[in-house]
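Written out below as structure tokens is the structure these notes cover.
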2 protein chains.
Amino acid sequence: MGKAETVSYRDVKRIAVERILNGIWAPGSVLPAETEIAKEFACTRTTVNRAMRELADEGYLERKRKAGTRVRPSPLRQAKLAIPLIREEIEATGARYRYARVSREGLAAPDWLAARLGLEPGAAVVHLTAMHYADDRPFAFEDRWINVAAVPAVAEEGFEDLGPNEWLVQQIPYTEAAFSFGAVAADARLAEFLGVAAGAPLLSADRMTRFREVPVTFAVFYFLPGYRVRTDT
Amino acid sequence: MGKAETVSYRDVKRIAVERILNGIWAPGSVLPAETEIAKEFACTRTTVNRAMRELADEGYLERKRKAGTRVRPSPLRQAKLAIPLIREEIEATGARYRYARVSREGLAAPDWLAARLGLEPGAAVVHLTAMHYADDRPFAFEDRWINVAAVPAVAEEGFEDLGPNEWLVQQIPYTEAAFSFGAVAADARLAEFLGVAAGAPLLSADRMTRFREVPVTFAVFYFLPGYRVRTDT
DNA sequence: CAGTGGTCTAGACCACATG
DNA sequence: ATGTGGTCTAGACCACTGT
């Protein structure tokens, strides 16, 4: 009658989550062994294993050999952030994106930057500032430093037309990045460029990027008051 | 001579990432079919499949049935955020955590809240405000609304000693949450509680929580200037 | 030591999307 | 129509770790 032919790992996941939510598998308690569950569901252990592995990834379960699988006493809270790629973010709203370079300068890394990136003091860097507009309204101000040793071609690039992010993605597509978010008050320069009052609260987003452990770039974006970063979920 | 006995999906992943970073498998290009790769690595397709599936999860690859596996033209940037559980965050720094309720009030949901949570207008809610201290210095101000229908026991709870987050986790351990971050200026009340000047830039973190689609709670946390949220990576 | 999860193999069928 | 990934089965050996 039913259409059940084979049991999918999705089925196992669904039912397992149901049991966790219902408290049938209570927080902290140990689940039956994979072989047991496989027997109950009439599927192979491989299938159960995949289901349980994913549930562990998702923060529901904790697994240890010999000790077994247990329901996380307090659920692991994790959220995925989609990284704001400014151009796409603006165009997704239907607005027209515009980039404008403010300044570009090659110089020796100041101490704070060298310390932050782990560069030798005085290493060559390029300092770049730029504005991003949505339909000609200010959207974000970018303040970026690029490690010349990591991307020698940056010495020849003026960034007049192409934003540094898009340029860098062409040069070094795959990098590791660390982010942080905070609130800062607009100083006179930021206030002018963003068209807000001095002291206005801005969301600042730092981004540190490495390629094979080598620091590539450190960028700070300042967003207009009211802008929010959201999780996908 | 070598110790190679079997090929692990980790080996496949490692080598695949290496090839992507080296440009051997260039952005946008199509990889050989799983059966081909399995032949090359002298392992089963199952093993290749797991490696490729995880690399797709991690943002390196894009997979489609028939079309095959290709290297993401521009890498998918995603970051994992560990959710700030204030008590743990404070205690992790070695500071002493202290919670203090500011106010608690049962009332009908105001329109903006009903709209935001998807409640019927006038639904019963509890409004709670509280302070979180680190070593008796202000750390964050919490402004929270709880849907009584989702957690009837909240009607009996005063939150004098136990913070709402910890209480809620006991009541409903497994929930779905959506977050957003932004910058706001401290109003007079926030300035007083946090010990900063009015207008100071504060990081605000919203958190909307549901259980089986039912809205449970909406909370906003305001953090002192200087506070930053970081990704794990 | 012994039990549990971690992983690989070998083979099969299926679903989907492209041409 | 056909090729590619998606998934399941059945069985095996191994690695870790609690007792």
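Values below: every heavy atom of this structure, side chains too, minus hydrogens, waters and symmetry copies. Not measured: the values here are computed from a predicted model. Throughout, a chain's letter reflects where its sequence line sits, starting with A, and its residues are numbered from 1.
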Next on the checklist: Would A:Cys43 and A:Val48 count as a side chain to side chain contact (heavy atoms under 4.5 Å, CB included) here? Give the steps.
Outcome noted: CA-CA 8 Å; A:Cys43 64; A:Val48 175; 3.7 Å; yes

Checklist entry - How far apart are the C-alpha atoms of A:Thr217 and A:Arg207, what are their side-chain angles, what is the distance that settles it, and do they pass the side chain to side chain donor-acceptor pair (under 3.5 Å) test? => result CA-CA 8 Å; A:Thr217 182; A:Arg207 174 195 292 212; over 6 Å; no

Next on the checklist: Using side chain to side chain contact (heavy atoms under 4.5 Å, CB included), reason through A:Arg72 and A:Leu61 one step at a time and then give a plain yes or no.
Outcome noted: CA-CA 5 Å; A:Arg72 271 220 159 74; A:Leu61 303 176; 5.8 Å; no

Checklist entry - Are A:Arg14 and A:Arg10 close enough, and set up right, to give a side chain to side chain contact (heavy atoms under 4.5 Å, CB included), and what steps lead you there? => result CA-CA 6 Å; A:Arg14 190 171 33 75; A:Arg10 291 164 196 269; over 6 Å; no

Pairs under 3.5 Å (N/O, protein and nucleotides 16-19 of chain D):
none

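For the pair A:Arg70 CZ and C:dG5 C1', the interatomic distance rounds to 14 Å; values are reported in whole Å. Remark: P of C:dG3 and CD1 of A:Ile37 are 18 Å apart, rounded to the nearest angstrom. Taking atom CG on A:Asp11 and atom C1' on D:dT7, their separation rounds to 12 Å, with Å as the unit. With rounding to whole Å, A:Phe41 atom CZ is found 13 Å from D:dC8 atom P. Atom pair B:Tyr9:OH and D:dC14:P shows a separation of 18 Å (rounding to whole Å applied).
Among the heavy atoms of the strands lying under 4.0 Å from A:Arg10 are primed sugar atoms or P, OP1, OP2 only; no base atom is included. Within 4.0 Å of A:Ser8, counting heavy atoms only, lie sugar-phosphate atoms of the nucleic acid but no base atom.
Ring centers of A:Tyr227 and A:Phe139: under 6.0 Å apart, within the cut-off. No close placement of the A:Tyr133 and A:Tyr97 rings is indicated, their centers lying 6.0 Å or farther apart.
Here A:Arg210 does not pair with A:Glu176 in a salt bridge; the nearest charged N to carboxylate O distance is not below 4.0 Å.
The aromatic rings of A:Trp167 and A:Phe159 sit perpendicular to each other, their planes meeting at more than 60°, with 30° as the lower class boundary. Between B:Phe218 and B:Trp112, the ring-plane angle classifies as perpendicular under the 30° and 60° cut-offs.
At the phosphate of C:dG5, OP1 or OP2 sits under 4.0 Å from a side-chain N or O atom of A:Thr69.
Of the residues in residues 45-63 of chain A, those lying under 4.0 Å from DNA chain D by heavy-atom distance are A:Arg45, A:Thr46, A:Thr47, A:Arg50.
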